[in-house]
2 protein chains.
Amino acid sequence: MDPHLLRTFVAVAEHRSFSAAASALGYTQSAVSQQIAALEAELGVALLRRRPVEPTQAGERLLEHAGPLLLRLAAARADVTRAAAAPAARLTVAATALGAASAGLPAALMRLRAARPRAEVEVRLAGAPEVARLVAAGEAELGLADGLAAPTDPLPVAAATAGHLTARGVAHRDLAVALPREHPLAGAAGLALGDLVDALWIDAPALGAPLTRLREVAGADGFRPGLAYTGSDVATLAALVAAGHGLTLLPATAGTPWPYGPGTTGVRLTAPRLVHRVELLHATLPPGPAADLAAALAPAG
Amino acid sequence: MDPHLLRTFVAVAEHRSFSAAASALGYTQSAVSQQIAALEAELGVALLRRRPVEPTQAGERLLEHAGPLLLRLAAARADVTRAAAAPAARLTVAATALGAASAGLPAALMRLRAARPRAEVEVRLAGAPEVARLVAAGEAELGLADGLAAPTDPLPVAAATAGHLTARGVAHRDLAVALPREHPLAGAAGLALGDLVDALWIDAPALGAPLTRLREVAGADGFRPGLAYTGSDVATLAALVAAGHGLTLLPATAGTPWPYGPGTTGVRLTAPRLVHRVELLHATLPPGPAADLAAALAPAG
DNA sequence: CCATGCGATAAGTGATACTGATGGAGGGTG
DNA sequence: CACCCTCCATCAGTATCACTTATCGCATGG
């Protein structure tokens, strides 16, 4: 079970073609064929049906294991090389846009800069699953992922990662429904989900996928999808709401004015009780800027 | 990062010797030397200091990853070969002695036998960490591990396993202090831990390590270790208690008479609130006898 | 019935991973 | 202080392995 073979097996299964996988990996088709044959011989099991190319039942099982395995392998590699090459002060933080803002990353980074002026820091924005992947693979030391969850639940993203990561809630806020300023419900003190089943909703997978989560929680058949927004910029999302493409959910801000966009306003979501939660993801942290920043990020959730 | 190289690296680190690892693995010393050199060259990092042989900091990091990685690799292998070779009805259950009894494994197996008369079943007794390892490595489909925990906490054993396992509580009972029948406190209605700080205790690592857990929970310096019992047989443990070697903790039995040994009796432990908990460990279960048995084992905890 | 596309197979070659022998550094011993 | 012994590194030689190139077999579709 050479990881090499595993990697090409995954590639073949994804491409559903030996030749395509071969050129993607920079091999000849023959090499891929031999590699798969070798893997099958080693395990004594057919992993792929040919023509059309698709995984057998055994192949499916292997695919389930292969992802986490290769991820963990990458993590080990990154961890080891980092341990040696960099007693230096370099730190990569992967974060979702809302996660970084809600957890107070900028302020925490300023404190870090004060304590360790020589630390090189990179902030890398990505969607929540990608943040988890980056941290799991060791490409980032810390991750801030945000999402919608029931008040006591962890984010689903944490469970999905291989298992060698620890997650800690570093921020949670109530949710607000983002509405156009002139929307009839814009002045309401609070809204329950039932009031909004018939409304048009904008789903934003990169910003917590509010619509998808709503449907999971409420189980309702309503919540018509008005528009899917695949960007990760909140201002653009707010502009879409302002223009009437639909409603969406954003973390509420206590006290301060609604910050997301001038044409929109927020009304607290009162039921079901859902929160916007940010979790800090990391593997075991050796002392250094990463550990400092992790400690600086919110006194536990 | 060939798993092969990883395995010999682990062996060298454990044996603290290239030659010893070589003979353990069936290689020549030269081969091991070359393998380690190859690994270090690939990662660009020194993993071991020689003379004496000990891991560098980078090596330590790699060691932390290597175990789970190799475990997961074994799991993948087992899972794949099982998926193909055995649509048949064969099932291995790893269990601790108290875990099997407390979770009602015998009865559940009888029900399984009724539903699937042709199923071959193997029950494999082991300590809790070994149970977890067996399930994680795919050598057993199901695992029943028992241990002491706070009422809401999961068992620590579950957290230690690589992460691709799911754990479900299938039984929990209050704890009783096992005392010799003629012990002055034998007639008490309940005992708090404070009453017993000065007593002699028997620790039984294979039976939940009560003494170790007690000290973690109570933090007290008391709880003198009278005797360490490394066996896994409860009757023997009870005999040791009866002979006055010390007290220990066993799951209480509600209503029914104290079943563990004629010379002993049990008094409920009232504080701190600790429970004896049994968890069912398993990876993703395809339909089959394993899934049936998992379902038959207690309607959730 | 033939062209085309895709995977399997065969043959050849360079790289690789062992074994066995030798070298050199540390640590103990007379 | 010389000696030896242990232990790891290194070297040379060899068998195996993993790739490439070339070819084959077999579906599918015109």
Side-chain angles (χ1 to χ4, degrees), chain A residues 1-60 62-63 66 69-70 73 76-77 80 84, chain B residues 1-60 62-63 66 69-70 73 76-77 80 84:
Chain A
M1 292 253 286
D2 192 327
H4 207 173
L5 301 186
L6 228 50
R7 224 168 56 90
T8 80
F9 170 65
V10 171
V12 171
E14 277 175 358
H15 287 87
R16 304 193 157 270
S17 152
F18 282 52
S19 328
S23 64
L25 296 171
Y27 289 119
T28 57
Q29 172 267 319
S30 171
V32 169
S33 179
Q34 291 177 51
Q35 287 186 17
I36 299 297
L39 196 56
E40 292 183 324
E42 183 189 336
L43 297 172
V45 170
L47 296 171
L48 293 166
R49 266 184 291 276
R50 325 295 155 100
R51 225 178 303 262
V53 174
E54 56 183 10
T56 62
Q57 211 166 354
E60 301 266 14
L62 186 56
L63 277 176
L69 254 162
L70 294 174
L73 211 60
R77 170 172 244 108
V80 167
Chain B
M1 293 254 288
D2 192 325
H4 207 174
L5 301 186
L6 228 51
R7 225 169 55 91
T8 80
F9 169 65
V10 171
V12 171
E14 276 175 358
H15 286 88
R16 305 194 156 271
S17 152
F18 282 53
S19 328
S23 66
L25 296 171
Y27 288 121
T28 58
Q29 172 265 320
S30 170
V32 169
S33 180
Q34 290 177 51
Q35 288 187 16
I36 298 296
L39 196 56
E40 291 184 325
E42 183 188 337
L43 297 173
V45 170
L47 296 171
L48 292 167
R49 268 185 290 277
R50 325 295 155 100
R51 219 178 310 261
V53 174
E54 57 183 9
T56 63
Q57 213 168 351
E60 299 267 13
L62 185 57
L63 276 176
L69 253 160
L70 294 173
L73 211 60
R77 169 173 245 110
V80 167

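Throughout, protein chains are lettered first and strands after them, A, B, ... in sequence-line order, and every chain is numbered starting at 1. Quick note: numbers below take in every heavy atom, side chains included, and nothing from hydrogens, waters or symmetry partners.
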>> At less than 3.5 Å, do the side-chain atoms of A:Gln29 and the base atoms of D:dT21 form a donor-acceptor pair?
In response: no

>> Given D:dT10, D:dA9, C:dA8, identify the nucleotide with an atom nearest to the side chain of B:Phe18.
In response: D:dA9

> Which of these nucleotides, C:dA8, D:dC8, D:dT10, is closest to any side-chain atom of B:Ser17?
Replying inline: D:dC8

> Starting at CZ of A:Arg49 and ending at P of D:dC26, how long is that distance when rounded to a whole Å?
Replying inline: 21 Å

> On a plain distance test, is the side chain of B:Gln34 in donor-acceptor contact with the base of C:dT16 below 3.5 Å?
Replying inline: no

>> Taking atom types as they are modelled, would you say the side chain of A:Ser33 forms a donor-acceptor pair with the base of C:dT9 within the 3.5 Å cutoff?
In response: no

>> Any base atoms under 4.0 Å from A:Val32, or only sugar-phosphate, or nothing? Heavy atoms, all strands.
In response: nothing

>> Once you apply a heavy-atom cut-off of 4.0 Å, does A:Gln35 come out as touching a base, just sugar-phosphate, or nothing?
In response: sugar-phosphate

> Any side-chain donor paired with an acceptor under 3.5 Å for A:Gln34 and A:Ser30?
Replying inline: yes

>> With a 6.0 Å cut-off on the ring centroids, do A:His4 and A:Tyr27 count as close?
In response: yes

> Within less than 4.0 Å of OP1 or OP2 of D:dC19, is there a side-chain N or O belonging to A:Tyr27?
Replying inline: yes

>> Between B:Arg50 and B:Glu40 (salt bridge meaning N to carboxylate O under 4.0 Å), is one present in this structure?
In response: yes

>> One thing to verify: whether A:Glu14 and A:Arg7 come together as a salt bridge, which I'm taking to mean a side-chain N less than 4.0 angstrom from a carboxylate O.
In response: no

>> Below the 4.0 Å mark, does D:dC8 have OP1 or OP2 next to a side-chain nitrogen or oxygen of B:Ser19?
In response: yes

>> Taking atom types as they are modelled, would you say the side chain of A:Thr28 forms a donor-acceptor pair with the base of D:dT21 within the 3.5 Å cutoff?
In response: no

> D:dC8 P sits how many Å from B:Arg16 CZ, rounded?
Replying inline: 12 Å

